[in-house]
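What follows is a short report on a single structure.
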Amino acid sequence: HPYVPYTEILATEATKGAYNYSDLNRVERAVAELSDHFGLGLYTRTDWGMWDIPTASQMNRYLGNIATLRNLLPTDADVPNAPTTMNNLTYADANNIELILSAVYESIIR
């Protein structure tokens, strides 16, 4: 795509199936938007770069934000809990993050 930096395309193709900076940026942008909507004041970072190495505390914040958003939904909702660690993150864990964001978005439009 002409508007996506070549380096982002290259990294995405080279790391297909891996959780990388483009995933972090996409999720953090969604979290920021939802945080603003609900007045949560969550801290987000949307400028992750290809060579950034997230720290444990940054990933704890990241997953804590996802858990905060999940807690906006009823406990009996058919939505998984947020992963508790990025260690050994599976594709199912990554998909669960996306499911949580999607469910919170859907709660807004209902």
Side-chain angles (χ1 to χ4, degrees):
H1 190 281
Y3 300 107
V4 178
Y6 176 74
T7 54
E8 191 164 325
I9 294 170
L10 180 63
T12 301
E13 289 301 313
T15 60
K16 193 170 265 186
Y19 210 77
N20 62 39
Y21 76 100
S22 62
D23 299 302
L24 295 175
N25 285 327
R26 183 186 69 258
V27 169
E28 295 258 42
R29 283 190 298 268
V31 168
E33 184 178 327
L34 291 168
S35 175
D36 288 347
H37 177 80
F38 289 104
L40 298 174
L42 298 175
Y43 174 77
T44 57
R45 177 180 172 184
T46 58
D47 64 346
W48 292 101
M50 185 184 323
W51 303 112
D52 290 335
I53 300 172
T55 65
S57 64
Q58 288 171 319
M59 291 298 88
N60 288 337
R61 176 201 49 80
Y62 178 86
L63 292 176
N65 286 347
I66 300 300
T68 296
L69 292 173
R70 171 59 182 91
N71 289 336
L72 295 175
L73 302 168
T75 55
D76 63 344
D78 190 23
V79 178
N81 290 324
T84 57
T85 180
M86 294 297 279
N87 292 338
N88 302 313
L89 188 79
T90 66
Y91 74 90
D93 295 328
N95 288 343
N96 288 345
I97 291 170
E98 304 294 337
L99 288 170
I100 292 166
L101 294 173
S102 179
V104 175
Y105 268 114
E106 287 179 24
S107 76
I108 294 171
I109 59 175
R110 286 187 202 166

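One is the number of the first residue; the rest follow in order along the sequence. Heavy atoms only: backbone and side chains are in, while hydrogens, waters and symmetry mates are out.
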Inset, instruction - Could you grab the distance from atom CG of Asn65 to atom CD of Glu28, nearest 0.5 Å is fine? - result: 6.5 Å
Inset, instruction - Find out whether Leu101 and Ile66 are in side-chain contact, i.e. whether some heavy atom of one side chain is under 4.5 Å from a heavy atom of the other. - result: yes
Legend entry - Trp48 side chain reached by Asn20 side chain, heavy atoms, under 4.5 Å: no
Inset, instruction - Give a yes or no on whether the backbone of Thr90 and the side-chain of Asp93 come within a donor-acceptor separation of less than 3.5 Å. - result: yes
Inset, instruction - Quick one: pull up CG in Asn81 and CD1 in Ile100 and give me the separation to the nearest 0.5 Å. - result: 7.0 Å
Inset, instruction - For the pair Thr68 (side chain) and Gly64 (backbone), establish whether a donor and an acceptor sit closer than 3.5 Å, ignoring hydrogens and angles. - result: yes
Legend entry - N-O pairing of Arg29 and Asp47 below 4.0 Å: no
Inset, instruction - Over all heavy atoms of both residues, which pair between Val104 and Leu69 is shortest? Give the atoms and the distance, please. - result: CG2-O, 3.5 Å
Legend entry - Rounded distance [0.5 Å steps], CG in Asn25 versus OG1 in Thr44: 10.0 Å
Inset, instruction - Would you check if Tyr21 and Ile53 make a side-chain contact, meaning some heavy-atom pair closer than 4.5 Å? - result: no
Inset, instruction - Check the hydrophobic clustering (I, L, V, M, F, W, Y; side-chain heavy atoms under 4.5 Å; chains of links allowed) and say if Ile108 and Leu99 are grouped together. - result: no
Inset, instruction - Indicate if Tyr62 and Tyr43 have the same hydrophobic cluster label, given that clusters are the connected sets of ILVMFWY residues with side-chain heavy-atom separations under 4.5 angstrom. - result: no
Legend entry - Gln58 side chain vs Thr55 backbone, donor-acceptor pair below 3.5 Å: yes
Legend entry - Donor-acceptor under 3.5 Å (Ser35 side chain, Gly41 main chain): yes
Legend entry - Ile97 and Leu63, any side-chain heavy atoms less than 4.5 Å apart: yes
Inset, instruction - Check Arg70 against Pro80 and note the closest heavy-atom contact, atom names and distance. - result: NE-O, 3.1 Å
Legend entry - Leu24 side chain reached by Met59 side chain, heavy atoms, under 4.5 Å: yes
Legend entry - Side chains of Arg45 and Asp52 in contact at under 4.5 Å (non-hydrogen atoms): yes
Inset, instruction - With rounding to the nearest 0.5 Å, note down the distance linking CG in Leu72 to CZ in Phe38. - result: 5.5 Å
Legend entry - Within-4.5 Å side-chain heavy-atom neighbours: Leu42 and Arg61: no
